[in-house]
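Each residue takes its place number in the sequence, starting with 1. Worth knowing before you read on, the calculation uses all heavy atoms, side chains too, and leaves out hydrogens, waters and symmetry mates.
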Amino acid sequence: MATDTLKSTSSAESATGGLRRLLLDNGALSALIVLVIAMSALSGDFLTTDNLLNVGVQAAVTAILAFGVTFVIVSAGIDLSVGSVAALSATVLAWSATSHGVPVLIAVLLAVVTGIAAGLVNGFLIAYGKLPPFIATLAMLSVARGLSLVISEGSPIAFPDSVSHLGDTLGGWLPVPVLVMVVMGLLAAFVLGRTYIGRSMYAIGGNEEAARLSGLRVKKQKLAIYALSGVFAAVAGVVLAARLSSAQPQAADGYELDAIAAVVIGGASLAGGTGKASGTLIGALILAVLRNGLNLLNVSAFWQQVVIGVVIALAVLLDTLRRKAGATPVAGASQGGKRRQAATYGLAAVVTVAIVGATSFLHNGSSSTANPKVGLSLSTLNNPFFVQIRSGAQAEAEKLGVDLTVTDAQNDASQQANQLQNFTSSSLGAIIVNPVDSDAASNSVKAADKAKIPVIAVDRGVNKASVDALVASDNVAGGELAAKTIGEKLGGKGKIVILQGQAGTSAARERAQGFTQGLKAYPGIQVVAQQPADFDRTKGLDVMSNLLQAHPDVQGVIAANDEMALGAIKALGSKAGTSVSVVGFDGTPDGLNAVKDGTLYASVAQQPSQLGKIAVDNALKALEGKKVEETIKVPVKVVTKENVAGFTG
């Protein structure tokens with residue numbers, strides 16, 4: 001009897017230990033299954049064919065970048081430059097094919113060679129220059145991004161049509177980016193599991209000194225490893241630019257962190273020696289499912305960052321627990337281990353389909369609501385102007401009984417494309433978009449048009465696509481007003497500096513165009529310097545402080561938004577409002593307070609809350625099938641100390 005009890009206890013403990021080991025060995029897969037089930041239960045819009053394909057498309061660029069980063073992390077390195085290299089490669093392709101008439105095939109090869117060259121430079125600095133990988137790739141991050149801006153002159157470059165098809169679908173439903181992701185994933189798996197260089201990566205990551213003593217040419221292998229990472233970054237850049245129909249010099253900014261996160265979430269160790277392509281793919285899918293699901297659930301963009309950060313931390317914690325528990329390493333598995341792993345994946349797929357199928361019944365007939373649903377995608381919420389657009393839109397939506405979902409693209413055109421795709425595949429009745437870039441938003445808006453969802457553009461238009469209405473101030477006219485204001489204040493003579501917006505954005509280009517056109521009427525005004533400060537107050541402070549060293553006698557400043565103007569005022573100190581006149585743009589609350597105080601001479605106010613209000617009004621009209629005007633102009637107004645008291649914004 002005691003023996004039976006002992007056997008029973010041992011069996012239970014063995015089963016518990018086996019389950020624990022299974023979860024530890026397949027933590028990322030378990031997490032993905034739980035996420036898919038949870039999102040299916042929480043949102044009736046998640047488990048649709050269109051939305052699942054969206055998840056695949058949104059994971060594609062991150063996954064391709066992450067496959068390349070997997071090689072580096074397996075070898076105990078790090079590559080922070082992949083996002084910038086992706087942008088540079090895409091820019092080289094577009095620049096050579098469109099501006100210089102290079103045949104598209106050769107232009108594509110040039111893009112790949114660019115990625116290889118960047119990777120070789122990284123590898124040389126690390127292997128032969130003895131620089132830490134963090135420092136070498138951080139330097140390349142800056143160099144590649146700078147070269148991308150130099151080549152493009154800070155503006156997006158249209159992509160050749162033949163290459164833009166990479167962002168299309170096959171048969172009208174299968175996205176090409178997903179196919180490219182699968183092909184690159186299979187290539188990465190082959191390199192890691194079936195080639196000499198793949199085995200070298202694991203050896204170097206496990207113990208570099210032992211690998212060297214065993215006869216491995218570690219330095220040459222590192223060159224090849226970082227070159228491979230560059231190739232994958234180049235492919236990712238081409239796929240991303242194809243989705244956006246243009247090479248954006250600021251594209252893939254910060255994607256290196258997503259790529260590293262995907263690799264770590266997928267089970268690779270930052271200490272090196274472990275990692276696999278399938279785990280990396282699962283990590284990229286986890287990030288895509290999280291962002292997609294949180295969008296559908298209308299979770300704040302700020303909380304989304306918190307959630308993703310927590311997931312990354314938990315993934316690293318799981319890696320630590322796995323190593324402490326002696327879980328099966330993810331490298332060099334035996335044939336039997338590979339068969340068990342395949343069986344695990346198959347079982348996981350069956351279980352997921354069964355549970356997800358069951359949860360889908362929860363949403364049968366429950367998708368309709370009394371209130372109309374509208375999505376609002378803003379270029380950024382890290383700027384008071386766009387925060388005011390959101391406030392105006394939310395107030396009007398509440399008044400009209402509209403369910404408004406707001407997302408923050410964080411000045412990332414590809415992230416905005418993902419958000420717009422999520423809106424299109426969900427049950428929203430209308431979409432309001434404030435484009436990061438007017439060209440980059442075109443494909444997403446076309447998809448919404450195809451789905452017969454009304455689209456209202458706010459503040460900035462959408463090129464090469466049809467929108468139901470554009471609610472906007474005229475940035476060019478506003479720029480001309482700013483130039484006229486500073487010209488009249490200085491009596492048509494004097495030295496001024498111009499603080500430009502973020503390179504590559506349509507607002508920055510249009511306002512700069514207005515400044516240039518307006519200043520033509522004042523030949524006595526000399527522009528001694530023009531520098532970008534990225535619409536940011538801190539950068540406005542730093543850039544203005546630097547310019548004052550070279551031009552201490554400046555008499556005026558034009559800033560492309562109030563945030564940069566406020567930074568310039570801080571740098572000017574007591575000169576602001578006395579010997580130096582500063583003109584801003586947007587009419588934000590802080591800007592208007594500075595006008596009242598006299599430190600900011602004027603702000604070209606756009607009344608952003610009105611933009612948000614009118615956009616919601618017209619979205620509801622379009623949703624109800626009512627006629628809306630194609631263009632609705634909200635007039636800009638120069639606000640000075642004389643009229644600021646009566647200005648409401």
Is any side-chain heavy atom of [X] less than 4.5 Å from a side-chain heavy atom of [Y]?
X: F585; Y: N475; result: yes
X: L294; Y: W303; result: no
X: V616; Y: I432; result: yes
X: T424; Y: I431; result: yes
X: D586; Y: P608; result: no
X: Q250; Y: R145; result: yes
X: N434; Y: R460; result: yes
X: L290; Y: V307; result: yes

Measure from the side-chain N and O atoms of [X] to the backbone N and O of [Y], and report whether any donor-acceptor pair falls under 3.5 Å.
X: N643; Y: V638; value: yes
X: N292; Y: A288; value: no
X: S438; Y: G461; value: yes
X: D459; Y: A472; value: no
X: S152; Y: G154; value: yes
X: E396; Y: I614; value: no
X: N546; Y: V543; value: no
X: D534; Y: D536; value: no
X: Q416; Y: V436; value: yes
X: S444; Y: Q421; value: no

Show me, pair by pair, the donor-acceptor contacts under 3.5 angstrom made by side chains of residues 588-603, not counting sequence neighbours?
from	atom 1	to	atom 2	distance (Å)
T588	OG1	D562	OD2	3.4
T588	OG1	G591	N	3.2
D590	OD2	R537	NH2	2.9
N593	ND2	P589	O	3.3
T599	OG1	A594	O	3.4
S603	OG	D562	OD1	2.9
S603	OG	D562	OD2	3.1
S603	OG	G587	N	3.0

With a 3.5 Å cut-off and sequence neighbours excluded, list the donor-acceptor pairs that the side chains of residues 82-96 form with protein atoms.
from	atom 1	to	atom 2	distance (Å)
S84	OG	L141	O	2.9
S89	OG	V85	O	2.9
S89	OG	A111	O	3.4
T91	OG1	A87	O	2.7
T91	OG1	S148	OG	3.0
W95	NE1	H100	NE2	3.2
S96	OG	V92	O	2.7
S96	OG	L93	O	3.1

Can you tell me how far the [atom1] atom of [X] sits from the [atom2] atom of [Y], to the nearest 0.5 Å?
X: L490; Y: I525; atom1: CG; atom2: CD1; answer: 4.5 Å
X: I78; Y: L80; atom1: CD1; atom2: CG; answer: 6.0 Å
X: L376; Y: Q419; atom1: CG; atom2: CD; answer: 10.0 Å
X: D258; Y: T62; atom1: CG; atom2: OG1; answer: 5.0 Å
X: S229; Y: E256; atom1: OG; atom2: CD; answer: 11.0 Å
X: L566; Y: K570; atom1: CG; atom2: NZ; answer: 11.0 Å

Could you walk me through whether N443 and S245 satisfy the side-chain hydrogen bond (donor to acceptor under 3.5 Å, both in side chains) test, starting with their C-alpha distance in whole Å, then the side-chain angles of each, then the deciding distance to 0.1 Å, before giving a yes or no? CA-CA 7 Å; N443 284 345; S245 295; 2.8 Å; yes

Minimum-distance pair of heavy atoms, taken over all atoms of [X] and [Y]:
X: N295; Y: T405; value: O-CG2, 3.9 Å
X: Q248; Y: L244; value: CG-CD1, 4.0 Å
X: K575; Y: P552; value: NZ-O, 3.3 Å

Name all residues meeting the side-chain hydrogen bond (donor to acceptor under 3.5 Å, both in side chains) criterion together with N463; count only those two or more places apart in sequence or in a different chain, and write none if there are none.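 Partners of N463 under the side-chain hydrogen bond (donor to acceptor under 3.5 Å, both in side chains) test: D439.
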
Heavy atoms from other residues, nucleotides or ligands near [atom1] of [X] exceed 12 (cutoff 6.0 Å):
X: D474; atom1: CG; value: yes
X: E398; atom1: CD; value: no
X: K446; atom1: NZ; value: yes
X: E153; atom1: CD; value: no
X: K633; atom1: NZ; value: yes

Any chance the side chains of [X] and [Y] put a donor and an acceptor closer than 3.5 Å?
X: T640; Y: E642; answer: yes
X: N422; Y: Q58; answer: yes
X: T137; Y: D79; answer: no

Decide side-chain contact (heavy atoms from CB on, under 4.5 Å) for V374 and L620; before the verdict, give the C-alpha distance in whole Å, the side-chain angles of both, and the deciding distance to 0.1 Å. CA-CA 8 Å; V374 175; L620 186 58; 5.8 Å; no

Can D617 and K621 be counted as an ion pair, charged N to O under 4.0 angstrom? no

All ring pair (Phe, Tyr, Trp, His ring centres under 6.0 Å) counterparts of Y522, not counting sequence neighbours: none

For a quick test of your reading: what N or O donor-acceptor pairs under 3.5 Å do the side chains of residues 494-502 make, sequence neighbours left out?
from	atom 1	to	atom 2	distance (Å)
K495	NZ	D553	OD2	2.9
Q500	NE2	Q530	OE1	3.2
Q502	OE1	N411	ND2	3.4

F385 vs N561, side-chain contact (heavy atoms from CB on, under 4.5 Å): CA-CA, chis, key distance, verdict: CA-CA 9 Å; F385 176 78; N561 79 338; over 6 Å; no

Just to verify, what does D437 make a salt bridge (Lys or Arg N to Asp or Glu O under 4.0 Å) with, not counting sequence neighbours?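 Checked D437 against salt bridge (Lys or Arg N to Asp or Glu O under 4.0 Å); matches are R509.
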
Does the side-chain hydrogen bond (donor to acceptor under 3.5 Å, both in side chains) test come out yes or no for R243 and N418, once each step is laid out? CA-CA 10 Å; R243 281 192 68 204; N418 294 342; 2.9 Å; yes

Evaluate S414 against V61 for side-chain contact (heavy atoms from CB on, under 4.5 Å), listing each step before the verdict. CA-CA 10 Å; S414 59; V61 172; over 6 Å; no

